[in-house]
Amino acid sequence: MNESLPTDRFAAGSPLRRHYVVEGMTCASCVKRVEKAIAAVPGVSGAAVNLATEGADVTFSGPANDDAVISAIEAAGYGVPRETAELGIEGMTCASCVRRVEKVIAAVPGVASVSVNLATERASLSGVGLDMAAVEKAVREAGYEPKRLETGNAASDKRAEAKAEEYRRLKRDLMIAVVLTLPVFIMEMGSHVIPGFGDLLMTTLSMTPMRVVEFVLTSLVLFGPGLRFFKKGLPALLHLSPDMNSLVVMGASAAYAYSVVATFAPGLLPAGTAHVYFEAAAMIVTLILFGRTLEARAKGRTGEAVRRLIGLQPKKARVNRDGAVAEVPIAEVIVGDVIEVRPGEKVPVDGTVLSGGSYVDESMITGEPVPVAKSEGAAVVGGTINKTGAFTYRAEKVGADTMLAQIVRMVEAAQGGKLPIQAMVDQVTGWFVPAVMSAAALTFVVWLAFGPSPALSFALVNAVAVLIIACPCAMGLATPTSIMVGTGRAAELGVLFRKGEALQSLSGATTIALDKTGTLTRGRPELTDFIVSQGFAEPEVLALVAAIEAKSEHPIAAAIVAAAEERRLALPALERFEAVPGFGVTAKVAGHAVAVGADRLMARQELDLSAFTQAAERLAREGKSPLYVAIDGKAAALLAVSDPIKETTPAAIAALHALGLKVAMITGDNRKTAEAVAARLKIDRVVAEVLPEGKIEAVKSLRENGGRIAFVGDGINDAPALAEADIGLAIGTGTDVAIESADVVLMSGDLRAVADAIGLSKATLRNIKQNLFWAFAYNVVLIPLAAGALYPAFGILLSPVFAAAAMALSSVFVVSNALRLKRYSPSRRAGADAALPPLPHTAARPETNQSPARTEVKAAPLVENSVNKETAMLKLKVEEMSCKHCVANVEKAVKSVDPAAKVDVDLSAGTAVVDSSADATAIKEAIAAAGYPNETLQAA
């Protein structure tokens, strides 16, 4: 973080100095380059750059120009990290307040940018050498109250209590205003409803005493509950930055002042114009207080999502220290603590299970209701709920580092952001209130000059109606309230918008580009085929390959190593290893030069692969990824891996199509393999055989066809594409690098969440547009009506009382409309019945295949290919599985019937997918005999 030397408190004549952190310097030449760039900035009298501290001390001959210095440093090729801060702002009521606060904060030295959110009542700042004391002083002088923000449960409780207290105060003031206003309203308007009521009043009180009573009651309303408007509105007027409070003050004061003159000095007014409008002044304040009360109640509900998230973390944890278990406050838990969790309890912080096992409800982070099995070595997340068993685990992330804390920060950051559409609102609000005041003045003049007698009364009533009916509140709330509710609802569904702008960007996406491995597929490939050339023994080749792949963390490498371990092969020593990104690996193993990778790696080594051509094409058609093995410069083997497609992927693709989107797949896989997968999933476009660095170009090529591109990925190699796309979505189960590069994070690995995110972004933007339409249309229609536009033709005038009611209800409507997003139902159900079509059956391959070089290729017995004999896919619902041992038992039962069967057991879902040529009834009976009742979900 940058540190600023004192700037405003130097003795007279002292130079102004600032300190900047400079990133990216590596040598003395860098230092000289930065100093030269800073020295060229106008107003800089000196610059001293230090390589060791990565800092620059800059002396100014006049006021500090932070933006110019930072721009100069960045133009020289270096970076200046800017400080960021947030500040609570109390007392804002409309869009004009927002604009005023932004203006005064932006004028504070060191502030480079500021964004104020009316709904969250926060200001987000960035700059160099931020002086928060100066910022708070500027906010306070502008008539608002700054508040330092806290985090965590205590802060959430304080914010909730503050909102509740505000609502209580408004409700109390409203009740006082109603009690005082009702008699005034009855005295003035009762005769219009009750025959003879006016004569009764005149007989009982007479005109002057009645007006004095109205004066007293109205004064109590204006300078009691209504004083809040004067405290905000008058200073804003004096600073030439009028806001909604100013309009209320002017309207109510005009009606009140005119009535006071008519009551106590009627001779000052033209004959026949000494009317009173006490009821209008009192009702204006009362009705707007009523609207404020409803608005405060509704606004209090917009932040419920964040409060619920914060409330998920338990207050205490049961920690084992020094052999004794004790309950300690959650704030005292440290990394390394061993924590015990009992059934029904919440997991306190993030960590890894040491012993025991259970099922944990992780719906708060994934949006999925199915509990997830946890056993030794499994990761657990703070705030999730332990369902059945008990376990102990080691705390690894505490406090602000937990996933729950990060989720809360992401949601709050998104809620505090401004969408591009807000720029239009900001421009309008800059001139809106002055325009309304001008319209009111024009209305007064026109009615005074051309209105019927008494012209002065008509002019006053209509001018007051114009002032009161204009409502910048609705404009200021239109966007931020929808963002707050929309991003909060998204978090409940396991979708995190890392910034508010992503909401608008995602709603405009036309093409969804998907990575294959780990996104469309499970990311856990299986070795399915191993074919060796004549002169090579399959076990020896597999051992060499597994020895190499054991050094890699790639999922395909894990599949090969697992196959070798299953056959209990001894792996030779690895002498040399080199990864070739996008191609494969080369190594020296047991004295042999071995290369494993795609056909492009073999082409680099100028090897003849014609002997494997037909087999490779067949495997690719089956959706498998063929890889080659070269030993000592000879093509030795062809192997194939298959990464099963996630069960939810077909439904996800169908849901995206239902939203009218095109779907593309970008993968480094073999083109035929990729096209086979795309055909099964009905994907519109395939970009295959792409190297990691080529994914950026692939995204650009998709963009050339028009529209906006959203890219979905989960790996490190997806990070550049995520950044390049118009909007990047990272699977939350992926790497931290990918997540940091994304605009949206999907907490679960379920691809249907993409449709949820897009559907919700469209719904939120639609909601914002509805709010803005209402806010603008309301003023466009009602301001002319308040000015008396209908009077010449229809004799209709709008009373200031009705104008006040309309003004109050407009804000309530906007907030209430935004709250409808809380009931958003995910679009992910679209296409939920979509199922994966079975792989096409292929004729059994011959035992040998003659190449032009007359090289015999034999099928290895390692993994029997499912196309060697007719197989069927069987999906079962398996009951009473509770741990990884149950999974192994189910797999063993299936293998007892068909050793060549492929089994995929999903413990959390309680399902087993079996690919076997054996009789389905026999498989089911074997599983039941092992102690696991089952039923058929799907058979093909």
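Just so it is clear, the structure is predicted and the values come from calculations on it, not from any experiment.
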Under a 4.5 Å cut-off applied to non-hydrogen side-chain atoms, are [X] and [Y] in contact?
{"X": "Leu619", "Y": "Leu638", "result": "yes"}
{"X": "Val641", "Y": "Glu526", "result": "no"}
{"X": "Val913", "Y": "Leu876", "result": "no"}
{"X": "Pro539", "Y": "Leu542", "result": "no"}
{"X": "Val744", "Y": "Ile727", "result": "yes"}
{"X": "Asp743", "Y": "Leu729", "result": "no"}
{"X": "Val380", "Y": "Phe391", "result": "yes"}
{"X": "Leu656", "Y": "Ile758", "result": "yes"}

Salt-bridge present (Lys924, Glu935; N to O < 4.0 Å): no

Side chain to side chain donor-acceptor pair (under 3.5 Å) contacts in which one or both residues fall within residues 568-590, not counting sequence neighbours: none

So, for [X] and [Y], which heavy atoms are closest and what is the spacing to 0.1 Å?
{"X": "Leu607", "Y": "Ala630", "value": "CD1-CB, 3.2 Å"}
{"X": "Leu874", "Y": "Ala920", "value": "CD2-CB, 3.9 Å"}
{"X": "Ala590", "Y": "Leu544", "value": "CB-CD2, 4.3 Å"}
{"X": "Ala546", "Y": "Val561", "value": "O-CG2, 3.8 Å"}
{"X": "Phe612", "Y": "Ser533", "value": "CZ-OG, 3.0 Å"}
{"X": "Ala379", "Y": "Lys374", "value": "O-NZ, 2.7 Å"}

Pairwise distance [atom1]([X]) to [atom2]([Y]) - rounded to 0.5 angstrom:
{"X": "Leu520", "Y": "Thr649", "atom1": "CG", "atom2": "OG1", "result": "5.5 Å"}
{"X": "Leu661", "Y": "Ile512", "atom1": "CG", "atom2": "CD1", "result": "5.0 Å"}
{"X": "Lys902", "Y": "Asp915", "atom1": "NZ", "atom2": "CG", "result": "5.0 Å"}
{"X": "Lys634", "Y": "Asp608", "atom1": "NZ", "atom2": "CG", "result": "13.0 Å"}
{"X": "Leu702", "Y": "Glu697", "atom1": "CG", "atom2": "CD", "result": "11.5 Å"}
{"X": "Ile666", "Y": "Lys516", "atom1": "CD1", "atom2": "NZ", "result": "14.0 Å"}

Residues, nucleotides or ligands: over 12 heavy atoms within 6.0 Å of Arg671 CZ: yes

Whether over 12 other heavy atoms sit under 6.0 Å from Gln605 CD: yes

Can any side-chain N or O of [X] pair as donor or acceptor with the backbone N or O of [Y] at less than 3.5 Å?
{"X": "Asp726", "Y": "Ala710", "answer": "no"}
{"X": "Ser916", "Y": "Ala918", "answer": "yes"}
{"X": "Thr528", "Y": "Ala640", "answer": "yes"}
{"X": "Asp350", "Y": "Lys397", "answer": "no"}

Report, one line per pair, each donor and acceptor closer than 3.5 Å where one atom sits in a side chain of residues 886-897; sequence neighbours left out.
residue, atom, partner, partner atom, Å
Asn889, ND2, His885, O, 3.3
Asn889, ND2, Tyr932, OH, 3.1
Lys895, NZ, Ala901, O, 2.6
Ser896, OG, Ala893, O, 2.4

Side chain to side chain donor-acceptor pair (under 3.5 Å) against Thr352, all qualifying residues, sequence neighbours excluded: Glu396

side-chain contact (heavy atoms from CB on, under 4.5 Å) evaluation trace for Glu538 with Arg567: CA-CA 12 Å; Glu538 176 265 325; Arg567 298 195 62 185; 2.4 Å; yes

Identified side chain to side chain contact (heavy atoms under 4.5 Å, CB included) counterpart of Asn934 within the set Ile927, Ile923, Thr911: Ile927

Verdict with supporting geometry, Tyr359 and Leu907, side-chain contact (heavy atoms from CB on, under 4.5 Å): CA-CA 10 Å; Tyr359 280 85; Leu907 182 61; 3.4 Å; yes

Verdict with reasoning, Val629 to Leu627, per side-chain contact (heavy atoms from CB on, under 4.5 Å): CA-CA 7 Å; Val629 180; Leu627 296 173; over 6 Å; no

Worked verdict on Leu746 versus Val495 for side-chain contact (heavy atoms from CB on, under 4.5 Å): CA-CA 5 Å; Leu746 312 176; Val495 177; 4.1 Å; yes

